[in-house]
Amino acid sequence: MKSLPILAICLMLCSGLSAQTQAENSKSEFEQITATLMDYIEGTANGEPERLRKAFHPSFNLYTVTADTLMTRSGEAYIKGFKPGEKANRIGRIISIDYEKDAATAKAEIVVPNWRIFTDYFLLMKYQGAWKIVQKSYTWRPYPKPDEKK
């Protein structure tokens, strides 16, 4: 009969370790997704096309609506717009990340002072051990004029 309480204690400890391991895995997935998004944010701000290639799947596309028309742009054309070492006045931040297993969505805001504020929505997939952005959809609004700020 003494073995029953010992077994119960062992089961509780094992389930606690399992929960801790899941939390650690979740944290590391979150950190990996964050790193991929930062490759995008910092790569665009610092003129690092290779860092962008690291963040994006080779066949990714970008989508936006212009004059009520859905515009599609290839990822490679987008990356070619960034010249190595040519810094851009862009300030980015991650707003949210949501993931399950090997699929994730994320939202980021990119401020280009005195011009536009972009809102980017990403679809990411984890394959071959790495998170990659497979799609980016975005919209923008004008940067507020000094008299519009409150």
Side-chain angles (χ1 to χ4, degrees), residues 11-150:
L11 287 173
M12 287 191 308
L13 286 174
C14 287
S15 66
L17 290 175
S18 175
Q20 181 180 0
T21 301
Q22 288 174 347
E24 288 172 359
N25 286 342
S26 295
K27 184 178 178 185
S28 68
E29 294 298 327
F30 184 83
E31 289 173 348
Q32 290 174 43
I33 294 166
T34 299
T36 298
L37 294 169
M38 292 309 294
D39 281 337
Y40 158 72
I41 290 169
E42 293 175 358
T44 56
N46 297 319
E48 298 173 288
E50 289 310 311
R51 197 162 174 191
L52 294 175
R53 283 187 181 86
K54 180 180 170 188
F56 291 115
H57 183 274
S59 63
F60 94 100
N61 287 318
L62 296 87
Y63 301 90
T64 194
V65 174
T66 304
D68 209 30
T69 301
L70 180 65
M71 305 295 292
T72 304
R73 187 171 171 196
S74 79
E76 193 54 40
Y78 177 73
I79 292 171
K80 284 181 181 177
F82 294 92
K83 305 298 177 217
E86 189 176 292
K87 298 201 184 269
N89 190 14
R90 298 167 54 101
I91 305 153
R93 69 183 179 106
I94 298 168
I95 295 173
S96 66
I97 295 172
D98 182 42
Y99 75 94
E100 183 68 39
K101 195 178 167 196
D102 54 7
T105 60
K107 179 179 179 181
E109 181 180 79
I110 308 296
V111 176
V112 181
N114 302 312
W115 188 48
R116 292 181 176 168
I117 300 171
F118 291 89
T119 302
D120 296 342
Y121 296 91
F122 301 97
L123 177 61
L124 300 95
M125 300 297 297
K126 184 175 186 177
Y127 68 100
Q128 298 178 348
W131 286 96
K132 297 289 182 183
I133 299 168
V134 296
Q135 178 181 314
K136 173 185 160 184
S137 299
Y138 67 96
T139 191
W140 60 271
R141 63 188 185 277
Y143 189 84
K145 295 181 175 123
D147 58 331
E148 294 174 351
K149 292 181 186 177
K150 294 181 182 176

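Only a predicted model underlies this, so the values are computations on that prediction, with no experimental measurement involved.
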A.B. asks: If you look at every heavy atom in D39 and L52, which pair is closest and at what distance?
C.D. replies: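 So the two residues come closest at O-CD2, 4.0 Å.
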
A.B. asks: Does the side chain of L62 reach to within under 4.5 Å of the side chain of F56, using non-hydrogen atoms?
C.D. replies: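 With C-beta onward as the side chain, the pair stays apart.
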
A.B. asks: So L70 and Y63, do their side chains get closer than 4.5 Å, heavy atoms only?
C.D. replies: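 The answer is yes, as the side chains (C-beta and beyond) meet within the 4.5 Å cut-off.
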
A.B. asks: May I ask you to decide if T119's main-chain N or O and T139's side chain share a donor-acceptor pair within less than 3.5 Å?
C.D. replies: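 No, the answer is negative, given that no donor and acceptor are paired below the 3.5 Å cut-off.
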
A.B. asks: Among R51, R90, R93, which residue meets the salt bridge (charged side-chain N to carboxylate O under 4.0 Å, His left out) test with E42?
C.D. replies: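 Per the salt bridge (charged side-chain N to carboxylate O under 4.0 Å, His left out) rule, the option paired with E42 is R51, out of R51, R90, R93.
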
A.B. asks: What is the distance from atom CD of E48 to atom CZ of R53, rounded to the nearest 0.5 Å?
C.D. replies: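 Answer for the CD-CZ pair, E48 versus R53, is 12.5 Å.
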
A.B. asks: Are the side chain of K132 and the backbone N or O of K54 linked by a donor-acceptor pair below 3.5 Å?
C.D. replies: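 Looks like yes, one N/O pair under 3.5 Å.
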
A.B. asks: Looking at I33 and A104, what are the two nearest heavy atoms and their distance?
C.D. replies: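 Scanning both residues, the minimum pair turns out to be CD1-CB, 3.9 Å.
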
A.B. asks: Quick one: pull up CD in E100 and OG1 in T105 and give me the separation to the nearest 0.5 Å.
C.D. replies: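 E100 atom CD to T105 atom OG1 measures 11.0 Å (nearest 0.5 Å).
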
A.B. asks: Return the NZ to CZ distance between K107 and F122, rounded to the nearest 0.5 Å.
C.D. replies: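 Going from the NZ atom of K107 to the CZ atom of F122 covers 12.0 Å.
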
A.B. asks: Specify whether F82 and Y78 have parallel, tilted or perpendicular ring planes, treating 30° as the upper limit for parallel and 60° as the lower limit for perpendicular.
C.D. replies: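 Because their plane-to-plane angle is over 60°, the rings of F82 and Y78 count as perpendicular.
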
A.B. asks: Would Y121 and L123 count as a side chain to side chain contact (heavy atoms under 4.5 Å, CB included) here? Give the steps.
C.D. replies: CA-CA 7 Å; Y121 296 91; L123 177 61; over 6 Å; no

A.B. asks: Ignoring hydrogens, what is the shortest heavy-atom contact between Y143 and V111? Give both atom names and the distance.
C.D. replies: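 Answer, listing the atom of Y143 first, then V111: CE1-CG1, 3.6 Å.
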
A.B. asks: Measure the shortest side-chain to side-chain distance between R116 and I110 over non-hydrogen atoms and say whether it is less than 4.5 angstrom.
C.D. replies: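 Side chain of R116 against side chain of I110, heavy atoms only: no contact under 4.5 Å found.
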
A.B. asks: Ignoring hydrogens, what is the shortest heavy-atom contact between A88 and T44? Give both atom names and the distance.
C.D. replies: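 Scanning both residues completely, I find the closest heavy atoms to be CB-O, 3.8 Å.
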
A.B. asks: Would Q135 and H57 satisfy side chain to side chain contact (heavy atoms under 4.5 Å, CB included), going step by step from the backbone distance to the final call?
C.D. replies: CA-CA 8 Å; Q135 178 181 314; H57 183 274; over 6 Å; no

A.B. asks: Would E109 and R141 count as a salt bridge (charged side-chain N to carboxylate O under 4.0 Å, His left out) here? Give the steps.
C.D. replies: CA-CA 11 Å; E109 181 180 79; R141 63 188 185 277; 3.6 Å; yes

A.B. asks: Please round to the nearest 0.5 Å and tell me the distance separating atom CD of E31 and atom OG1 of T36.
C.D. replies: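 If we round to the nearest 0.5 Å, E31:CD and T36:OG1 are 12.0 Å apart.
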
A.B. asks: What are the two closest heavy atoms between A55 and Y40, and how far apart are they?
C.D. replies: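 That closest heavy-atom pairing would be CB-N, 4.0 Å.
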
A.B. asks: Would you give the length of the straight line joining atom CD1 of I95 to atom CG of D120, rounded to the nearest 0.5 angstrom?
C.D. replies: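 It is 9.0 Å, given to the nearest 0.5 Å.
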
A.B. asks: Closest approach of N61 and G75, non-hydrogen atoms and distance?
C.D. replies: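 So the minimum-distance heavy-atom pair works out to OD1-N, 4.1 Å.
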
A.B. asks: Output, in order, the C-alpha distance, side-chain angles, deciding distance and verdict of ring pair (Phe, Tyr, Trp, His ring centres under 6.0 Å) for F30 and Y99.
C.D. replies: CA-CA 8 Å; F30 184 83; Y99 75 94; 7.4 Å; no

